[in-house]
Amino acid sequence: MSHYPWGVFLHVAFVLLFVLGHGVSAAVGLRVRSERDPVRITALLDLSRWSLNIASIGLLGLLVTGIIVSIMGDWFRQAWPFVSIALLFVVGGTMTPLARSYLDDVRMAVGATTGNKKKDALGRQPLPADELAVLLDSRRPLAAAAIGLVGLLVLLWMMYFKPF
């Protein structure tokens, strides 16, 4: 009996766990743009930070199982597994600073902690409502979501069709 189907099953399960956790954070990034109440914004930002713990477990699991399944299926003779891994890092390296900087700016604007000791040491006071509204209207969450969605679709395409 081959363990390959179980490896693929676990890989897809970890992908779903990653998308679940990361999707909550992405939804918060999009939803917070229309909020104006600092208490609600802070609650949403807390939800985002919490959900990224789930996404991190999913990411680690999908990387490990993806490599194992690629070895089991002898897929490393083709280019697509290497391109998939590289694309995952490129998309993550592009979206993460974009989304994190926006959410950290919003956290500081409502007087919440960012988790960054240097930023939090500044002791910044909450922004007035009009300045907060300008910050919240940023398109950075839209750009990060678009990059993530396109990246996810390309990864899915490569995994399903194994084009090269």
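Numbering starts at 1 and runs along the sequence shown.
Cluster annotation: Leu156 is not connected to Val8 through the hydrophobic network of ILVMFWY side chains, with a link wherever side-chain heavy atoms come within less than 4.5 Å. Under the 4.5 Å side-chain heavy-atom criterion for ILVMFWY residues, a single connected hydrophobic cluster contains both Val64 and Ile57. Val134 and Leu98 fall into different hydrophobic clusters, defined by Ile, Leu, Val, Met, Phe, Trp and Tyr side-chain heavy atoms under 4.5 Å apart, directly or through other members. Hydrophobic clustering places Ile147 together with Val150 (ILVMFWY residues linked when any side-chain heavy atoms are closer than 4.5 Å, directly or through intermediates).
Judged by distance alone, with hydrogens and angles left aside, the side-chain atoms of Tyr102 form a donor-acceptor pair with the main-chain N or O of Leu136 at under 3.5 Å. Checking side-chain atoms of His22 against main-chain N and O of Ala55 turns up no donor-acceptor pair under 3.5 Å. Formation of a donor-acceptor pair under 3.5 Å by the Ser51 side chain with backbone atoms of Ser48 is found in this model.
Across every non-hydrogen atom of Leu135 and Ala109, the tightest pair is CD2-CB, 3.5 Å. In plain terms, the two heavy atoms of Ile67 and Phe76 that are nearest each other are O-CE1, 3.8 Å. Closest approach of Ala99 and Ala144 over heavy atoms only: CB-CB, 4.0 Å.
Using modelled atom types, one finds a donor on one side chain and an acceptor on the other under 3.5 Å when comparing Ser101 with Arg140.
By the 4.5 Å heavy-atom criterion applied to side chains, Arg31 and Leu44 are counted as neighbours. Counting only heavy atoms from C-beta outward, the side chains of Arg107 and Arg49 approach each other to under 4.5 Å. Using a 4.5 Å heavy-atom threshold, the side chains of Val91 and Leu155 count as separate. The shortest distance between side-chain heavy atoms of Met159 and Ser84 does not fall below 4.5 Å. Looking at heavy atoms from C-beta onward, Gln125 lies out of side-chain contact with Met108 at the 4.5 angstrom threshold. Side-chain atoms of Leu59 and Leu17, non-hydrogen and from C-beta on, never get closer than 4.5 Å to each other. Looking at heavy atoms from C-beta onward, Pro141 lies in side-chain contact with Arg33 at the 4.5 angstrom threshold. Ile41 is listed as a side-chain neighbour of Leu45, based on a closest heavy-atom distance under 4.5 Å.
Within the structure, ring-ring contact (aromatic ring centres under 6.0 Å, His included) contacts touching residues 39-73 (residues at least two apart or in different chains) do not occur.
Between Asp74 and Lys162, none of the side-chain N atoms (NZ, or NE/NH1/NH2) sits under 4.0 Å from a carboxylate O, so this pair counts as no salt bridge.
Scored by the salt bridge (Lys or Arg N to Asp or Glu O under 4.0 Å) test, Asp130 finds no partners at all (sequence neighbours excluded).
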